[in-house]
Amino acid sequence: MTLPPIHSARRSLDEREEQRQSRQHGISGLIVVAGVILLVLVAFLTSLLVLNPLLELYHLEQERDQAQDQFRRAKAAENQAYNEFHWMMDPEYFEQVARDRANQAKPGETVIHRPAPDQQPHPAATPPQPVKK
């Protein structure tokens with residue numbers, strides 16, 4: 001049995017070493033790519049976990065602001081209705097409104113009639129005179 005030449009055995013060992021280094025380099029590259037993908041996935045999931053509640057909080061704050069505005073408007077309408085109710089319960093106010101609507105006056109009062117905006121008098125017409133009763 002004859003031994004192969006040392007040069008050819010040496011060559012196959014060198015080829016095997018190159019193949020091993022090539023495989024190691026390929027595996028290292030795959031590990032780097034897998035790490036980057038994993039990092040991107042973790043960042044995406046973290047952003048979903050953090051940004052989703054923040055977005056929901058923003059929407060809830062907007063709804064709260066709208067509800068507060070609606071409450072303020074309702075409170076103002078309630079106050080106005082309350083004041084009008086109390087004015088109507090005041091006998092002097094009620095008498096004043098009744099006299100204004102009936103175009104009547106107490107003795108010593110002067111009633112001045114103003115025309116409605118759509119019934120403006122002509123410039124040549126004489127201005128209305130106050131009526132004393």
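For clarity, every value in this text was computed on a predicted model and none was experimentally measured. Side chains are part of it too, since the values below use all heavy atoms of this structure and drop only hydrogens, waters and symmetry mates.
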Exercise. Listed by chain and number, what are the side-chain contact (heavy atoms from CB on, under 4.5 Å) partners of Arg20, not counting sequence neighbours?
Worked result: Glu17, Gln24
For this session: Rounded to the nearest 0.5 Å, what's the gap from CZ on Arg72 to CG on Asp69? Could you check?
Result: 5.0 Å
Seminar exercise, completed: Output for pair (Asn83 CG, Glu78 CD), nearest 0.5 Å, gives 10.5 Å
For this session: Test side-chain contact (heavy atoms from CB on, under 4.5 Å) on Glu15 and Glu18 and set out the steps.
Result: CA-CA 5 Å; Glu15 287 175 358; Glu18 285 178 22; 5.5 Å; no
Exercise. Are a donor atom and an acceptor atom from the side chains of Gln66 and Gln70 found within less than 3.5 Å of each other?
Worked result: no
Show me the side-chain donor-acceptor pairs of residues 52-61 shorter than 3.5 Å, one per line, residues at least two apart or across chains.
from  : atom 1 : to    : atom 2 : distance (Å)
Tyr58 : OH     : Gln62 : NE2    : 2.8

